*Asks:* 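The structure that follows is given in the form of structure tokens.
Keep in mind it's a predicted model, so treat the numbers as computed, not measured.
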Amino acid sequence: PAGHELAHAGWTQERSFATPPAPTRCTFTQQGRYLVGQAKGLHIAIDRASGEVVRLGTEDNLLHAPLRLNVWRAPTDNDINCLPKWRDTLLHAVQEAKEIAVSGNTVTVKGYLATAHYMPSVYFTLVYTLHEGGLGVALSWQCAEFIDFLPRIGLYFALPKAFEGVRYYGYGPCESYIDRRLACVKNVYSDRVGNMEVDYVKPQENGSHFDTEWLEVTDGAHTLRAEG
């Protein structure tokens, strides 16, 4: 019938979507266990015990749960041989900061992840850089010798439920992975958080959008944008 789509394809041109960081003056003060940083359009607080960012925003704190290192994901059937060691050494690993240094508008945190009954499994360096209205985060890490490889490595945080609107540039509109994306086209898509979960019969990793270069989440009044 007229208007019926038989096939579609897409192509992309390599380019950078990163927002150039705007330099700004900032101040840092210690308030109890927290290192508080203030710059134009940005107010953050870092837990000096863990190196986690517990506050991010201006007037309001946009974080519902701290920004912290994450090495866990929902396992799949392919992970069956790795899963026992992962559970012992990574599932309930706690982030601990051993050294924090401030230089200009940058905070460098060195520490490790460890469970209660194991030696540290991951050693990390997190570098937080305050810009006007934004926070840059750089991560370097090294696994302990008894860890063959990690389920994943990255950052985790939670936002209030009101942050329901999503806009992103990546492979969509359905979920996509490095080995499963031929049905998708890389483009700018808008969606709702509630629509992005895929209910598999066996709960597992889902809702990925491969090669996403930027993401915006909004509650209508505030918008948080991540680039990388």
*Asks:* Check this for me, if you would: do K202 and D77 make a salt bridge, where the nitrogen-to-carboxylate-oxygen distance has to be below 4.0 angstrom?
*Replies:*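 Salt bridge present between K202 and D77.
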*Asks:* Ignoring hydrogens, what is the shortest heavy-atom contact between N206 and M196? Give both atom names and the distance.
*Replies:* OD1-O, 4.3 Å
*Asks:* If every non-hydrogen atom of F149 is compared with every non-hydrogen atom of C82, which pair is closest and at what distance?
*Replies:* CZ-SG, 3.5 Å
*Asks:* Using atom types as modelled and distance alone, determine if a side-chain donor or acceptor of R87 lies under 3.5 Å from a backbone N or O of P84.
*Replies:*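 The answer is no, because no donor-acceptor pair under 3.5 Å joins these two groups.
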*Asks:* Short question: side chain of E52, backbone of P66 - any donor-acceptor pair under 3.5 Å?
*Replies:* no
*Asks:* Is the CZ atom of R225 crowded by more than 12 outside heavy atoms at less than 6.0 Å?
*Replies:* yes
*Asks:* Find out whether Y200 and T76 are in side-chain contact, i.e. whether some heavy atom of one side chain is under 4.5 Å from a heavy atom of the other.
*Replies:* no
*Asks:* Closest heavy-atom contact between N61 and L56?
*Replies:*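 Between these two residues, the closest heavy atoms are OD1-N, 2.9 Å.
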*Asks:* Measure the NZ-OH distance between K110 and Y123 for me, rounded to the nearest 0.5 Å.
*Replies:*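 If I round to the nearest 0.5 Å, the distance is 14.0 Å.
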*Asks:* Can you tell me how far apart CG (L69) and CD1 (I153) are? Round to the nearest 0.5 Å.
*Replies:*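 Here the interatomic distance stands at 4.5 Å.
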*Asks:* I'd like to know if the side chain of Y112 reaches the main chain of P120, judged simply by a donor and an acceptor atom lying under 3.5 Å from each other, with no hydrogens or angles considered.
*Replies:* no
*Asks:* Taking the side chain as everything from C-beta on, heavy atoms only, tell me whether F163 gets closer than 4.5 Å to V193.
*Replies:* no
*Asks:* Measuring from Y171:OH to H209:NE2, what's the distance to the nearest 0.5 Å?
*Replies:*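 Answer rounded to 0.5 Å: 13.5 Å.
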*Asks:* Test your reading of the model: is there a side-chain donor-acceptor pair from N105 to the backbone of L130, 3.5 Å cut-off?
*Replies:*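 Judged by distance alone, yes, a pair lies under 3.5 Å.
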*Asks:* How long is the span from the CG atom in D179 to the CZ atom in F210, to the nearest 0.5 Å?
*Replies:*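 That separation rounds to 9.5 Å.
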*Asks:* Nearest 0.5 Å please: distance from the CG atom of D219 over to the CG atom of L62.
*Replies:*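 It comes to 8.0 Å.
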*Asks:* Are any of the side-chain heavy atoms of V71 and Y156 separated by less than 4.5 Å?
*Replies:* no
*Asks:* Are the side chain of D88 and the backbone of K85 linked by a donor-acceptor contact shorter than 3.5 Å?
*Replies:* no
*Asks:* Is it true that a side-chain atom of R48 and a backbone atom of G32 form a donor plus acceptor pair closer than 3.5 Å?
*Replies:* yes
*Asks:* For G51, does its backbone N or O pair with a side-chain atom of Y128 as donor and acceptor, under 3.5 Å?
*Replies:* yes
*Asks:* Is the count of non-hydrogen atoms from other residues, nucleotides or ligands lying under 6.0 Å from Q142 atom CD greater than 12?
*Replies:*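 Not more than 12 within 6.0 Å, no.
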*Asks:* Measure from the side-chain N and O atoms of T212 to the backbone N and O of W214, and report whether any donor-acceptor pair falls under 3.5 Å.
*Replies:* no
*Asks:* Just by distance, do the side chain of T89 and the backbone of S121 share a donor-acceptor pair under 3.5 Å?
*Replies:*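 Checked: no pair found.
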*Asks:* Determine the minimum heavy-atom distance between E216 and T223, stating which atoms define it.
*Replies:* CB-CG2, 4.1 Å
*Asks:* For the pair S208 (side chain) and S176 (backbone), establish whether a donor and an acceptor sit closer than 3.5 Å, ignoring hydrogens and angles.
*Replies:* yes
*Asks:* Q95 versus L126: any side-chain heavy-atom pair under 4.5 Å?
*Replies:* yes
*Asks:* How long is the straight-line distance from CD1 of I44 back to SG of C26, given to the nearest 0.5 Å?
*Replies:* 8.5 Å
*Asks:* Within a strict 4.5 Å, meaning less than it, do heavy atoms of the H131 and L42 side chains meet?
*Replies:* no
*Asks:* Would K161 and H64 count as a side chain to side chain contact (heavy atoms under 4.5 Å, CB included) if you check the C-alpha gap in whole Å, the side-chain angles of each, and the deciding distance to 0.1 Å?
*Replies:* CA-CA 9 Å; K161 288 185 178 181; H64 185 67; over 6 Å; no
*Asks:* Looking just at side-chain N and O atoms, do T19 and E227 make a donor-acceptor pair shorter than 3.5 Å?
*Replies:*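 Yes, because at least one side-chain N or O of T19 sits under 3.5 Å from a partner of the opposite role on E227.
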*Asks:* So do the side chains of R33 and V54 get within less than 4.5 Å of each other, counting heavy atoms only?
*Replies:*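 The answer is no; the side chains never approach within 4.5 Å.
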*Asks:* Mind telling me whether W72 and W86 have parallel, tilted or perpendicular rings, with 30° and 60° as the class edges?
*Replies:* perpendicular
